[in-house]
Amino acid sequence: MGKKIFTDSGIEIREVYTKGAVEADPTLPGEFPFTRGIQADMYRGKPWTMRQYAGFSTAEESNKRYHYLLQQGVMGLSVAFDLPTQIGYDSDHALAEGEVGKTGVAIDSLEDMQTLFAGINLEEVSTSMTINATGYILLAFYAALARQQGADLKKINGTIQNDILKEYAARGTYIYPPKPSMRIITDIFEWCGQEMPKWNTISISGYHIREAGSTAVQEIAFTLSNGKAYVQAALEKGMDIDLFGRRLSFFFNAHNNLFEEVAKFRAARAMWARIMKDLGAKDPRAMMLRFHAQTGGSTLTARQPLNNISRVTVQTLAAVLGGTQSLHTNGYDEALSLPTEEAARTALRTQQIIAFESGVADTADPLAGSYFVESLTRQVEEEAWQLIGRIDAMGGSVSAIEQGWIQEEIARSAYEYQRRVETGEKIIVGVNKFQVEEESDIPVFRIDDSIRHVQMEKLAALKRRRDPAKCDSILQELNDKAASGENIMPTVLAAVERSCTLGEIADTLREVFGEYK
């Protein structure tokens with residue numbers, strides 16, 4: 001009897017898999033439950049959308065990087081926002097000090113949004129925005145900018161992450177308590193259904209759950225449970241599951257264990273199709289799990305950073321073999337700093353080489369029928385259903401998060417993974433094995449603290465130019481709408497068009513809803 005080997009989720013891997021291991025999924029790609037993919041021809045029709053995540057410093061600097069990426073062949077933009085923007089503070093707020101422009105771009109007003117997308121036609125690009133607590137404000141900035149460009153809002157496509165449950169569970173950039181946060185999300189669903197029907201109103205995110213230390217099985221179980229909670233909240237508002245269900249999207253992590261990751265993506269699709277069917281969906285398009293993937297940030301190492309190119313390649317293969325709809329690949333230097341232009345280009349070229357040189361995109365679901373992959377898909381699915389059953393027994397995701405159960409499960413997995421790395425059970429090449437004496441000459445991308453002063457000057461100039469009475473009246477109207485339970489989105493859009501700032505709008509809702517502690 002040889003030694004036992006397990007995946008990172010603790011699923012035991014047999015020495016060999018034979019025909020009797022499992023029945024292959026008898027369905028075809030494009031057929032319910034979509035285990036094999038949501039399109040019949042997958043990438044033969046068109047390749048996945050190659051996005052590169054960018055956003056740092058000021059809107060001017062980020063705009064230059066977007067133009068550079070578009071010239072390099074990206075098909076969609078993906079915006080990272082700084083911490084103050086994520087938690088609803090303008091750059092001149094005392095709590096913003098030391099954080100402006102650091103983890104992403106600082107966006108305080110519609111003027112910053114104009115600068116961010118200067119020279120870019122919003123009808124021609126798809127934009128994904130990693131924003132949650134203030135997602136409603138950034139969506140309003142984007143819609144207002146599209147209207148200024150003369151675009152038809154019904155043609156604008158993109159995604160806001162807008163997934164607040166995983167913020168309470170894993171990431172921490174929340175503002176309001178769970179119930180009012182869920183209400184804002186359903187307001188967005190409802191408003192977009194009428195005004196921006198091509199916009200993906202939420203990207204239910206397993207990515208950050210995985211980054212916080214969960215296993216692959218926990219990543220899909222917790223994410224699909226959160227998805228179920230959003231759908232139930234929309235149904236309680238009387239919305240049509242077949243309409244809003246088509247605009248839900250997911251965001252998953254792609255890690256190093258190639259076959260477990262492929263199995264995870266296949267299992268997630270089949271599970272979501274069944275969840276939506278059970279909740280009453282009749283339209284197959286409302287049952288399809290469409291997802292964006294990003295390679296695993298937490299897998300990148302600061303030691304021997306060029307090894308990260310190999311890691312990202314394996315993770316890219318996992319996402320593509322698993323049937324992703326869009327993909328961001330991390331720069332090899334991201335354990336050290338924001339990616340340099342060279343690192344961002346190499347990451348994009350990794351996707352392009354796999355798309356156009358490797359042959360893996362030539363047929364749909366190329367690993368289907370593999371005894372190992374089919375068996376692993378079933379095992380991942382079974383274990384994820386067990387976790388979802390436990391969450392349902394607690395009253396669903398909101399309840400499980402309020403009780404701290406999901407957070408504790410992630411923390412336990414993170415601890416166990418770290419223990420295995422430190423004991424050498426889990427090998428990380430260049431970190432706990434195959435080390436070398438090294439002096440890094442990798443160029444590092446730094447953000448200057450003077451950016452806050454630039455943003456503060458812009459805010460002061462904006463406040464001098466605008467009509468204060470108009471701002472006060474629209475913010476009062478927003479306060480009233482939030483208190484009465486009416487949909488807030490039309491008023492938020494009017495507020496950004498009157499030059500109200502992100503912080504002012506977020507603070508107006510803080511007065512009504514309070515803050516989550």
Side-chain angles (χ1 to χ4, degrees), residues 1-44 206 210 214-221 224 252-275 289 291 293 296 299 310-311 313-324 354 358-389 413 416-417 420 425-429:
M1 187 64 189
K3 70 166 186 168
K4 290 192 171 188
I5 293 176
F6 298 88
T7 70
D8 291 338
S9 294
I11 295 170
E12 188 175 347
I13 303 297
R14 297 181 212 167
E15 196 168 290
V16 67
Y17 286 77
T18 56
K19 194 173 181 183
V22 71
E23 283 293 308
D25 193 304
T27 61
L28 291 170
E31 291 179 0
F32 182 89
F34 312 107
T35 308
R36 302 198 54 200
I38 60 168
Q39 286 115 358
D41 61 352
M42 281 310 287
Y43 308 128
R44 289 169 74 107
R210 191 67 177 280
S214 83
T215 65
V217 167
Q218 287 172 329
E219 180 188 352
I220 60 168
L224 299 181
F252 289 121
N253 210 313
H255 266 227
N256 289 331
N257 192 318
L258 180 71
F259 296 109
E260 183 175 44
E261 293 299 292
V262 172
K264 174 188 84 177
F265 297 132
R266 296 173 91 244
R269 270 194 297 272
M271 292 172 74
W272 184 246
R274 292 189 173 99
I275 287 169
L289 182 144
F291 74 97
T299 68
S310 302
R311 291 186 178 99
T313 305
V314 171
Q315 294 163 10
T316 302
L317 276 169
V320 172
L321 291 167
T324 191
I354 283 173
S358 73
V360 298
D362 294 348
T363 188
D365 196 19
L367 294 183
S370 150
Y371 305 143
F372 179 34
V373 171
E374 296 290 0
S375 178
L376 203 48
T377 301
R378 294 299 164 277
Q379 283 181 281
V380 167
E381 192 176 330
E382 280 166 23
E383 294 204 4
W385 278 127
Q386 285 173 10
L387 284 175
I388 289 174
S413 295
E416 177 55 24
Y417 180 84
R420 290 173 59 223
E425 274 175 72
K426 174 82 183 164
I427 292 170
I428 309 293
V429 173

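Bear in mind that the values here come from a model prediction, so they are computed numbers and not experimental data.
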If you define the side chain from C-beta out and look only at heavy atoms, does anything of Val380 sit under 4.5 Å from Phe265?
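Val380 does not reach Phe265 side chain to side chain.
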Val217 vs Gln386 side-chain heavy atoms within contact, under 4.5 Å:
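The answer is no; the side chains never approach within 4.5 Å.
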Mind listing the closest non-hydrogen atom pair of [X] and [Y] along with its distance?
X: Ala221; Y: Ala384; answer: CB-O, 3.7 Å
X: Gly37; Y: Met42; answer: CA-SD, 4.1 Å
X: Ala273; Y: Pro33; answer: CB-O, 3.5 Å
X: Arg14; Y: Ser375; answer: NH2-OG, 4.1 Å
X: Lys264; Y: Asn253; answer: NZ-O, 2.5 Å
X: Thr215; Y: Ser413; answer: CG2-OG, 3.8 Å

Listed by chain and number, what are the side chain to side chain donor-acceptor pair (under 3.5 Å) partners of Thr27, not counting sequence neighbours?
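Side chain to side chain donor-acceptor pair (under 3.5 Å) list for Thr27, sorted by chain: Asp25.
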Which residues pass the side chain to side chain donor-acceptor pair (under 3.5 Å) test with Thr7, not counting sequence neighbours?
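Checked Thr7 against side chain to side chain donor-acceptor pair (under 3.5 Å); matches are Glu260.
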For [X], which residues count as a side chain to side chain contact (heavy atoms under 4.5 Å, CB included) partner, sequence neighbours excluded?
X: Ala268; result: Ile220, Phe252, Leu289
X: Ile427; result: Val429, Asn432, Lys433, Phe434
X: Thr363; result: Pro366
X: Asn256; result: Thr299, Arg311, Gln315

Interatomic spacing from [atom1] in [X] to [atom2] in [Y] - rounded to 0.5 Å:
X: Ile388; Y: Ile275; atom1: CD1; atom2: CD1; answer: 4.5 Å
X: Leu367; Y: Leu258; atom1: CG; atom2: CG; answer: 7.0 Å
X: Asp8; Y: Asn257; atom1: CG; atom2: CG; answer: 5.5 Å
X: Ile13; Y: Gln379; atom1: CD1; atom2: CD; answer: 7.0 Å
X: Lys3; Y: Ile5; atom1: NZ; atom2: CD1; answer: 5.0 Å

Return yes if some donor-acceptor pair links the side-chain N/O of Arg269 with the main-chain N/O of Thr35 below 3.5 Å, else return no.
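Yes; judged by distance alone, with no hydrogens or angles, the pair exists.
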Looking only at atom types and distance, does a side-chain atom of Thr324 sit under 3.5 Å from a main-chain N or O of Ala319, one as donor and one as acceptor?
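Judged by distance alone, no pair lies under 3.5 Å.
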I'd like to check the ring-ring contact (aromatic ring centres under 6.0 Å, His included) partners of [X]; sequence neighbours left out, ordered by chain and number.
X: Phe372; answer: Tyr17, Phe259
X: Phe32; answer: none
X: Phe34; answer: none

Salt bridge (charged side-chain N to carboxylate O under 4.0 Å, His left out) involving [X] - partner list, sequence neighbours excluded:
X: Glu374; value: Arg266, Arg378
X: Glu416; value: Arg419
X: Glu381; value: Arg274

